[in-house]
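The next block holds one structure in the form of structure tokens; read it before the comments.
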Amino acid sequence: MTMRVYNTLSREKEMFEPVVPGKVGMYLCGPTVYKPAHIGHAVGPIIFDSIKRYLVYKGYSVHWVVNVTDVEDKIIVEAEKRGVDVMELARDLERQYVDGLARLGVRSIDAMPRASEHIGGMIEHIQGLIERGYAYVVGGDVYFDVSKDKDYGKLSNRKQEEQLSGTRDGLVDKGKRNPGDFALWKAAKAEEPDAVKYESPWGKGRPGWHIECSVMAAKLLGVTFDIHGGGMDLIFPHHENEIAQSESLTDKPFSKFWLHHGLTRFNTKKISKSDADMARVMVDLQLNNLLAKHPAELLRFLILSSHYRAPIDFSPETLEAAGKGLGTFHRLFERLERVIGASPYKAEKRIEQVRDQANGPVAAAFLDEVLGDQVRFLEAMDDDFNTAAAIGVLFDMAGRVNRFIEQTRLETKRDEAAAVLASGGATTLIFLGRLLGLFEQAPETQSVGGDELTGELVKLLIDVRAMARKSKQFEIGDEVRKRLDGLGILLEDRADGTLWRRK
RNA sequence: GGCCGCGUACCCAAGUGGUUCAAGGGGACGGAUUGCAAAUCCGUUAUUCGUCGGUUCGAAUCCGACCGCGGCCUCCA
């Protein structure tokens, strides 16, 4: 099955063919580390991590690079404001970011190069552009001359002349030939810390914003690689400028595919730091704070529940609804463990490996349906990594396994073949979910909070309640259940005992 | 002003020309099950896809206009 991927460059879905057969190089624009990451900063990594998992499943050898921009104006300003060392601030924020991503299941990044460690390569690149006449020096600054680049604007579909009308006061600064020219190298200012003053042929200074990506991508992935991605807001000017400065030096295509994901919103507005309304909720939207309040799997699930190019409106309501949906899977896996006595998280045999257990029409139908679901899941992923549709299939599968358990009365009747089949269905479901980074391990449920005493006390109440119910004193039993419910604890009476979990 | 994207049920959200194309989730309501619940299963909840036109044998899906929302053009995932 071939994959189709939407390419911003052509504004169409294209057949996915890597530059080198069997190998995929992908680059995602990572953060500028000057403030704690928010949920929006996790969207790209989660999607790319899922893409990588899927490509690996399809048999590709994938190399994935995420940059860290640790030399930039805003970091200098922020460090100054906090009275801390620039590089310390950058490292600290980078560490927090990487930790957050790891918790979200993003563990497949192969390299995270830092801008500060590739200054030499950037200087070489800039020199090459000057020699070829694409860049010019003004004082200690170096600018890229967009008028020399004939196809400038091809990614964002902009014409330079039309941009002029948007030019505002102060934009036409010091010695630029065209307002659209952008800095490749910025001369150091006297008051800036030494840590960000790098020697160059043009005097002390530091690289402009876009050059690090061009240089690090080429170094780690080759002059032309397969997939370059980031948020929609990076299309212009960041990615446009990357293309300009890369292709003007090499005369070869930079990235073959450009993938841009939708921006995360809150109350229909992009999560940004400049809005007063947004400033109030900003702390809650920080990655570390969200991870403290919600399971990482849920955040990941929510993000993958809509297509990557669509914007996600992030709110407590959407989180709650997603949490309920996700709970369906967790309860199914618990149910299976209870019925079969083995955790589906550890089971290895997928449905096609136990097809010989399907005797009888009910089992045969179940087998067919699950096999069909598997195909539908893969088709969804093949079509521009449609994780939203893929998750829809996972819900169908959960319903099927539950139904099969009901139909075969597995909970009360011993049926080895049916049990193996049900387990195979759930294992398939888990296997597919894991391509999205979901269901990696059983969620902490019963022992939430790690408070042993709570567990013992609830058990005690359940036992007392069972005694009451046995002697038909239901009012007492119901009172216990009601009071526990008020404390956020739900009881489930089953034939083989009472289960509890937190709401 | 220029460029780009979006507008599908009460909410979220797939679907970009035609045999289940109106998925899936949340919510609500009915039924099975349960002492009652919970969980699970079954069923109902958009003859209609922002509005108005057009193309077509046929459109949520293509074209045009309009309305609304958002993004970029300045730092931004």
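Order of the sequence lines sets the chain letters (A, B, ...), proteins ahead of strands, with each chain counted from 1.
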So, [X] versus [Y]: side-chain donor-acceptor pair below 3.5 Å or not?
X      : Y      : result
A:S116 : A:R114 : no
A:S214 : A:E242 : no
A:E320 : A:H294 : no
A:T498 : A:D493 : yes
A:N402 : A:R335 : yes

The side chain of [X] lies closest to which of these nucleotides: [options]?
X      : options             : value
A:D396 : B:A14, B:G24, B:A77 : B:G24
A:A310 : B:C73, B:A77, B:A14 : B:A14
A:N386 : B:A14, B:G70, B:U40 : B:A14
A:T32  : B:G70, B:U40, B:A77 : B:A77
A:H307 : B:C73, B:C3, B:A14  : B:A14

[atom1] spacing across the pair [N] / [M], given as an integer number of angstrom:
N     : M     : atom1 : value
B:A13 : B:U8  : P     : 9 Å
B:U33 : B:C49 : P     : 41 Å
B:U44 : B:C62 : P     : 30 Å
B:U16 : B:C63 : P     : 14 Å
B:G15 : B:A22 : C1'   : 8 Å
B:A46 : B:C3  : P     : 40 Å
B:C21 : B:A60 : P     : 13 Å
B:C36 : B:G43 : P     : 23 Å

Output the rounded distance in Å from [atom1] ([X]) to [atom2] ([N]).
X      : N     : atom1 : atom2 : result
A:R300 : B:A77 : CZ    : C1'   : 16 Å
A:I391 : B:G24 : CD1   : C1'   : 10 Å
A:K154 : B:C73 : NZ    : P     : 21 Å
A:L332 : B:U40 : CG    : P     : 9 Å
A:F395 : B:G27 : CZ    : C1'   : 14 Å
A:L234 : B:C73 : CG    : P     : 10 Å
A:D233 : B:C72 : CG    : C1'   : 8 Å
A:K470 : B:U34 : NZ    : P     : 19 Å

ring-ring contact (aromatic ring centres under 6.0 Å, His included), paired with A:F182, selected from A:Y143, A:F236, A:F144:
A:F144

Would you call the rings of A:H260 and A:W258 parallel, tilted or perpendicular if under 30° counts as parallel and over 60° as perpendicular?
parallel

Name the orientation class of the two ring planes belonging to A:F333 and A:Y345 (parallel below 30°, tilted from 30 to 60°, perpendicular beyond 60°).
perpendicular

Using a cut-off of under 3.5 Å, enumerate the N/O to N/O pairs linking the protein to nucleotides 36-39 of chain B.
unit_1 : atom_1 : unit_2 : atom_2 : d
B:C36  : O2     : A:R481 : NH2    : 2.3
B:C36  : N3     : A:R481 : NH1    : 2.8
B:C36  : N3     : A:R481 : NH2    : 3.3
B:C36  : N4     : A:D493 : OD2    : 3.3
B:A37  : N6     : A:D493 : O      : 2.8
B:A37  : N1     : A:D493 : N      : 2.7
B:A37  : N3     : A:R481 : NH1    : 3.0
B:A39  : O3'    : A:R331 : NE     : 2.9

Taking NZ, NE, NH1 and NH2 as the nitrogens, is one of them in [X] or [Y] under 4.0 Å from a carboxylate oxygen of the other?
X      : Y      : value
A:K189 : A:E192 : yes
A:R206 : A:D73  : yes
A:E492 : A:R501 : yes

Map A:Y6 and A:S306 onto RNA chain B by nearest heavy atom, then report which one ends up closer to the 5' terminus.
A:Y6

Nearest heavy atom decides the nucleotide; on that basis, is A:G392 or A:S305 closer to the 5' end of RNA chain B?
A:S305

Return the nucleotide paired to [N]: Watson-Crick means purine N1 to pyrimidine N3 with N6-O4 or O6-N4, wobble means G-U with N1-O2 and O6-N3, both under 3.5 Å.
N     : value
B:U61 : none
B:U56 : none
B:G35 : none
B:U47 : none
B:A9  : none
B:C3  : B:G71

Within the structure shown, what part of the strands sits under 4.0 Å from [X] by heavy-atom distance: base, sugar-phosphate, or nothing?
X      : value
A:G40  : base
A:G30  : sugar-phosphate
A:F474 : base
A:G229 : nothing

Does [N] have OP1 or OP2 sitting under 4.0 Å from an N or O in the side chain of [X]?
X      : N     : result
A:K269 : B:G70 : no
A:N157 : B:C3  : no
A:T328 : B:G25 : no
A:R403 : B:C42 : yes
A:K270 : B:A77 : no

